[in-house]
Amino acid sequence: MRASGIILAAGRGERFGGDKIFAELGGSPVLLHSVRAFLAAEVVEELIVVARPGMEFRVAALLQDLDFPVRVVTGGPRRRDSSLAGVEVAQGEYVLIHDAARPLVGAELIRRVLRAAEEHGAAVPVLPVVDTLRYAENGFLKPETLPRSGLVAIQTPQGFRRDLLLPALRASEENLPDDAAALLVRGIPVAVVPGDPRNLKITFPEDLTLAAVLLQIRGH
Ligand code: CTP
Ligand code: MG
């Protein structure tokens with residue numbers, strides 16, 4: 001099998017204040033949006049959705065009417081644990097790992113990441129950082145400046161040759177901010193492709209309001 005899609009939906013949504021993957025967005029639960037984007041991209045042969053322990057049946061119920069092989073597996077306490085659970089069972093030579101919290105991902109971005117992963121072994125979508133960055137502490141700015149040139153913000157889906165990512169994730173005992181980190185700490189290069197500013201991550205409740213507006217503009 002060429003590629004597997006893995007959608008991480010096992011987080012607690014603490015900053016959102018509840019289970020954001022079941023929250024309603026444009027008439028569907030947040031989770032279903034990225035599932036549909038993966039089906040529309042037509043580049044993965046299976047989908048694996050990683051669910052929070054105890055939520056497996058609720059997640060499976062959302063997915064039961066899809067005319068596509070979708071497996072639900074149980075995630076763990078840290079993102080890295082959930083990611084590993086998905087990659088362990090994936091059959092594809094390549095895996096595309098996506099945050100369910102990014103429901104507005106488009107089919108074109110999914111294909112772009114897979115193409116780059118096939119060429120380089122590992123690839124992630126990024127956006128240039130446009131704001132000036134500084135550290136703040138106790139209500140005031142610190143004097144240290146961060147050079148902005150070359151700084152990027154990292155999105156998902158992230159694509160990898162499975163045989164590169166699996167040992168790196170297994171060896172990562174610490175929590176990781178994303179899957180690319182597992183390779184980078186081991187000196188394995190990760191390519192970048194242009195991300196999509198609409199592919200926002202739902203972290204706080206107001207992000208859902210913004211996502212609904214973006215969805216309306218997109219028209220479906
Ligand atoms: N995730 C996961 N397993 C975890 C932690 C996170 O599958 N143990 C997933 C989330 O479901 C989400 C994605 O990783 O789709 C990005 O994580 P984040 O936005 O931080 O979501 P949560 O961890 O759910 O939110 P919070 O950190 O506010 O609790
Ligand atoms: Mg989190």
Side-chain angles (χ1 to χ4, degrees), residues 4-26 28-38 44 46-63 70-90 95-106 109-110 113 124-127 152-160 162 165-166 168-170 172-183 195-212 214-215:
S4 308
I6 300 172
I7 299 183
L8 302 181
R12 307 188 62 86
E14 268 164 17
R15 287 166 290 178
F16 187 80
D19 257 319
K20 59 190 178 186
I21 62 146
F22 296 118
E24 189 267 341
L25 170 63
S28 303
V30 164
L31 170 62
L32 263 193
H33 287 269
S34 45
V35 167
R36 290 197 190 115
F38 270 84
V44 298
E46 65 170 355
L47 264 184
I48 295 154
V49 177
V50 185
R52 198 143 64 83
M55 291 291 171
E56 297 91 341
F57 285 104
R58 207 174 150 195
V59 167
L62 282 185
L63 305 168
V70 185
R71 287 178 68 178
V72 178
V73 302
T74 307
R78 302 166 305 174
R79 188 188 184 283
R80 168 264 177 199
D81 306 318
S82 301
S83 200
L84 181 58
V87 178
E88 294 262 14
V89 302
V95 289
L96 287 172
I97 306 177
H98 184 64
D99 291 342
R102 294 186 188 269
L104 299 187
V105 62
L109 181 62
I110 293 168
V113 170
V124 302
V126 305
L127 290 179
V152 291
I154 300 182
Q155 300 187 327
T156 70
Q158 303 191 349
F160 307 92
R162 182 173 176 275
L165 181 63
L166 184 57
L169 273 181
R170 280 186 178 145
S172 300
E173 277 309 315
E174 69 285 10
N175 191 21
L176 300 167
D178 65 358
D179 299 286
L183 298 196
D196 182 343
R198 294 165 298 185
N199 181 25
L200 84 171
K201 183 161 79 82
I202 298 190
T203 304
F204 300 101
E206 49 272 31
D207 300 324
L208 192 61
T209 312
L210 179 56
L214 289 170
L215 197 63

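When a ligand or atom number is given, it counts from 1 through the structure's own listing order. Computed from a predicted model, the values in this text were never measured in an experiment. When a residue number appears, it is its place in the shown sequence, counting from 1.
The proximity of R52 to ligand 1, defined as any non-hydrogen pair under 4.0 Å, does not occur for either the backbone or the side chain. Residue contacts with ligand 1, taken as heavy atom pairs separated by less than 4.0 Å, do not involve S83 at all. Only the side chain of K20 comes within 4.0 Å of ligand 1, counting heavy atoms alone; its backbone N, CA, C and O stay farther away. Under 4.0 angstrom from ligand 1, the non-hydrogen atoms of S82 all belong to its side chain.
Using a 4.5 Å cut-off on side-chain heavy atoms (C-beta onward), V30 and L32 make no contact. Contact annotation: the side chain of D207 never approaches that of F16 to less than 4.5 Å [non-hydrogen atoms, C-beta and beyond]. Contact of the L210 side chain with the L200 side chain is registered, since non-hydrogen atoms from C-beta on lie closer than 4.5 Å. Counting heavy atoms from C-beta outward, P29 and E24 have side chains that stay 4.5 Å or more apart. Contact of the S83 side chain with the V50 side chain is not registered, since no non-hydrogen atoms from C-beta on lie closer than 4.5 Å. You'll find the side chain of L127 reaches within 4.5 Å of the side chain of P197, heavy atoms only.
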For R52 and S82, run side chain to side chain donor-acceptor pair (under 3.5 Å): C-alpha distance rounded to whole Å, both residues' side-chain angles, the deciding distance at 0.1 Å, then the answer.
CA-CA 9 Å; R52 198 143 64 83; S82 301; over 6 Å; no
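The closest protein non-hydrogen atom to atom 19 (O) of ligand 1 is K201 NZ, 2.6 Å. Considering only non-hydrogen protein atoms, atom 24 (O) of ligand 1 sits nearest to G13 N, 2.8 Å. In terms of protein heavy-atom proximity, atom 27 (O) of ligand 1 is nearest to R15 NH2, 2.9 Å. Scanning all protein heavy atoms for the shortest distance to atom 29 (O) of ligand 1 gives E14 N, 2.7 Å. At the top of the distance list for atom 7 (O) of ligand 1, counting protein heavy atoms only, stands A10 N, 2.9 Å. The protein heavy-atom contact nearest to atom 12 (C) of ligand 1 is L8 O, 3.8 Å.
Taking distance alone, with nitrogen or oxygen atoms compared against 3.5 Å, A100 approaches ligand 1 more closely than that limit. In terms of N/O distances under 3.5 Å, ligand 1 is not approached by T203.
For ligand 1, the atoms sitting less than 4.0 Å from at least one non-hydrogen atom of P77 are 8 (N), numbered in the order shown with element in parentheses. Set against the non-hydrogen atoms of R78, the atoms of ligand 1 under 4.0 Å away are 4 (C), 8 (N).
Of the inter-residue distances, the one linking I48 atom CD1 with I7 atom CD1 reads 10.0 Å to the nearest 0.5 angstrom.
If you check the side chains of D196 and Q155, you find no donor sitting under 3.5 Å from an acceptor.
Ion pairing of D19 with R12 is absent here, as no side-chain N (NZ or NE/NH1/NH2) approaches a carboxylate O to less than 4.0 Å.
Looking at G11, G86, G76, G17, it is G11 that brings a heavy atom closest to atom 5 (C) of ligand 1.
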